[in-house]
Structures are given as C-alpha cells and as structure tokens.
Amino acid sequence: MKPIGLLMREHRLIERLIAQINRELAETSKTGRVDPEFIQAAADFIRTYADRTHHGKEEDILFKELATKQLASEHKKIMDELVEEHALARKLTASVAAARDAYVRGNSEAWTEMVHYMQELTRLYPGHIEKEDKRFFYPCMEYFSKQEQDNMLRTFYEFDQRMIHEKYQKVVDDLEKAAGQTQGIPVKRI
Ligand SMILES: [Fe+2]
Ligand SMILES: [Fe+2]
C-alpha cells in the first residue's frame with residue numbers, strides 16, 4: 001500500500017463522522033435541542049483522530065518530507081492551503097468543545113454556537129478531503145521513490161502506534177488536573 005492509501009482510508013471514516021454531524025444538525029433543527037454527549041463524542045473524534053492522528057501524519061510526516069523536495073508552485077500552494085485548513089479545523093473544534101462546556105454548565109444560549117461551529121466543520125471537511133484525494137495526494141507521491149514511500153508508510157504506522165498511549169495519558173493527566181492533583185504518579189512520556 002502507498003502511504004496515501006492509509007490517509008485515504010482515514011478520510012472515509014472522517015466522512016462517516018461528518019455524515020453523523022449532519023444527521024445530528026438536522027435533528028437539532030427539528031427539536032431545538034443539542035445532545036451534549038454527541039458533541040463530546042464528535043469533538044473527541046475530530047481532536048484525537050481527524051486532527052492528532054490523521055492531520056498529524058499529513059503535517060508531521062508527509063508535508064515535512066515534501067518540504068525537502070523541489071515542489072511545483074501549484075503543489076506548494078495547495079499544501080499551504082491544507083495546513084491553513086487544518087488550523088481552522090482545530091480552531092472550530094476547540095470552539096465546539098468550549099460551547100459544549102458552557103452549555104453543560106447551564107448556559108442554554110451556547111447551543112446556537114455549537115450548531116454554528118459544527119456547521120462550519122461540515123462545510124470545511126468535504127472540500128478539504130476532496131482537495132487532498134483528487135488534487136494533491138497522487139501528484140505528491142511522484143516526488144518520492146518506491147523506497148521513500150515504503151519508509152513513509154512504516155513511519156505512519158509507528159506514528160499511529162503512539163496515539164492510543166498519548167490519548168489515554170492525557171485522559172489521566174486531565175483527571176488528575178481536575179482533582180487538583182498536580183503531583184500525580186509520573187508516567188513516562190513517549
Ligand atoms: Fe488534511
Ligand atoms: Fe487528510
């Protein structure tokens with residue numbers, strides 16, 4: 001498999017999550033209510049999977065390697081746009097999570113913000129994914145030899161292996177922080 005095969009497979013799961021957000025938004029417009037549990041699950045997916053795991057491989061490995069090549073200006077331009085879109089997705093997800101927290105704390109007005117930021121996410125992702133799948137990934141691979149592509153795929157797998165540990169290290173860190181235990185049992189960082 002080419003490294004972009006793995007990234008495109010991840011795109012399919014991100015699309016399924018976006019479809020679920022669209023379904024939830026349609027439900028919300030009927031009931032006028034937002035399900036905070038849904039928002040939490042969706043925000044966690046985007047933060048941990050779409051951003052840290054998927055964009056992480058794109059930015060920290062693929063784009064970084066591409067930056068060492070003599071890129072055609074068209075590809076450089078698209079790569080810059082993709083990085084900007086990742087930053088925007090990160091900002092929107094943080095805004096959804098903040099609005100959700102405010103809503104759970106009793107600010108009933110915050111639901112309109114949650115809906116707004118979720119709508120923005122559902123607008124951003126399909127175009128972003130299409131740009132990568134149809135205009136960027138295949139021409140990108142032309143810059144790499146077969147050996148470089150194989151190495152990149154291996155680096156992708158190694159990156160993925162770290163994610164589950166990073167995710168749950170953060171869960172424990174956050175629980176300790178919430179309990180006011182700044183001096184929890186130290187866990188070795190990866
Ligand atoms: Fe991306
Ligand atoms: Fe992507």
Side-chain angles (χ1 to χ4, degrees), residues 1-25 38-98 114 116-146 148-167 170 190:
M1 178 164 65
K2 283 178 184 292
I4 58 168
L6 190 63
L7 295 175
M8 288 165 98
R9 196 162 72 190
E10 292 174 358
H11 282 170
R12 304 292 79 82
L13 192 61
I14 295 169
E15 283 169 344
R16 287 171 59 193
L17 187 271
I18 295 298
Q20 286 306 306
I21 295 181
N22 279 325
R23 184 198 47 73
E24 183 70 16
L25 285 170
F38 174 88
I39 305 291
Q40 188 171 23
D44 179 60
F45 177 95
I46 295 174
R47 221 182 249 151
T48 309
Y49 187 83
D51 191 42
R52 184 71 187 109
T53 308
H54 179 76
H55 298 164
K57 285 199 289 299
E58 290 174 346
E59 286 187 13
D60 298 352
I61 303 168
L62 174 62
F63 296 179
K64 218 168 167 179
E65 291 293 326
L66 278 169
T68 69
K69 308 282 182 185
Q70 286 284 342
L71 290 190
S73 58
E74 182 202 350
H75 300 143
K76 171 82 177 74
K77 184 176 168 285
I78 298 180
M79 189 164 83
D80 291 344
E81 287 171 12
L82 294 172
V83 170
E84 270 175 38
E85 287 164 10
H86 288 174
L88 177 59
R90 222 163 274 149
K91 214 166 124 199
L92 291 171
T93 310
S95 301
V96 170
M114 273 192 277
H116 169 73
Y117 292 123
M118 282 204 298
Q119 278 170 339
E120 292 292 305
L121 278 168
T122 63
R123 281 189 201 117
L124 176 69
Y125 266 105
H128 179 81
I129 286 176
E130 191 180 352
K131 198 184 285 182
E132 289 179 339
D133 282 358
K134 306 232 168 99
R135 293 171 48 203
F136 190 67
F137 281 172
Y138 285 103
C140 268
M141 286 295 99
E142 303 290 321
Y143 291 100
F144 300 106
S145 66
K146 168 86 173 68
E148 285 175 318
Q149 291 183 26
D150 290 346
N151 287 343
M152 191 182 293
L153 185 61
R154 207 168 313 120
T155 313
F156 276 3
Y157 285 134
E158 285 164 9
F159 184 92
D160 279 350
Q161 275 179 0
R162 298 206 304 266
M163 289 301 111
I164 190 86
H165 299 283
E166 188 177 295
K167 154 92 182 160
K170 190 172 180 319
I190 298 165

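Since we're looking at a predicted model, the values are computed, not measured. Whatever order the structure lists ligands and atoms in, that order sets their numbers, starting from 1.
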Result block: side-chain N/O donor-acceptor pairs under 3.5 angstrom for residues 117-124, not counting sequence neighbours:
from   : atom 1 : to     : atom 2 : distance (Å)
Glu120 : OE2    : Arg123 : NH1    : 2.9
Thr122 : OG1    : Gln119 : O      : 2.7

Residues which pass side chain to side chain contact (heavy atoms under 4.5 Å, CB included) with Lys77, listed by chain and number, not counting sequence neighbours: Glu81
Heteroatoms of the protein, restricted to N/O/S, which lie under 2.8 Å from the Fe ion (ligand 1): Glu58 OE1, His86 NE2, His128 NE2, Glu132 OE2
Lys167 atom NZ: more than 12 heavy-atom contacts under 6.0 Å: yes
Short N-O contact, Asp150 and Lys146, less than 4.0 angstrom: yes
Under 3.5 Å donor-acceptor pairs involving side-chain atoms of residues 55-63, not counting sequence neighbours:
from  : atom 1 : to     : atom 2 : distance (Å)
His55 : ND1    : Asp51  : OD1    : 2.9
His55 : NE2    : Tyr125 : OH     : 3.4
Lys57 : NZ     : Glu10  : OE1    : 3.3
Lys57 : NZ     : Glu10  : OE2    : 2.7
Lys57 : NZ     : Thr53  : O      : 3.1
Lys57 : NZ     : Asp160 : OD1    : 2.7
Glu58 : OE1    : His86  : NE2    : 2.9
Glu58 : OE2    : His54  : NE2    : 2.7
Glu59 : OE2    : His86  : ND1    : 2.7
Glu59 : OE2    : Arg90  : NH2    : 3.4

Least distance between heavy atoms, Arg23 atom then Phe38 atom: NH2-CE1, 3.9 Å
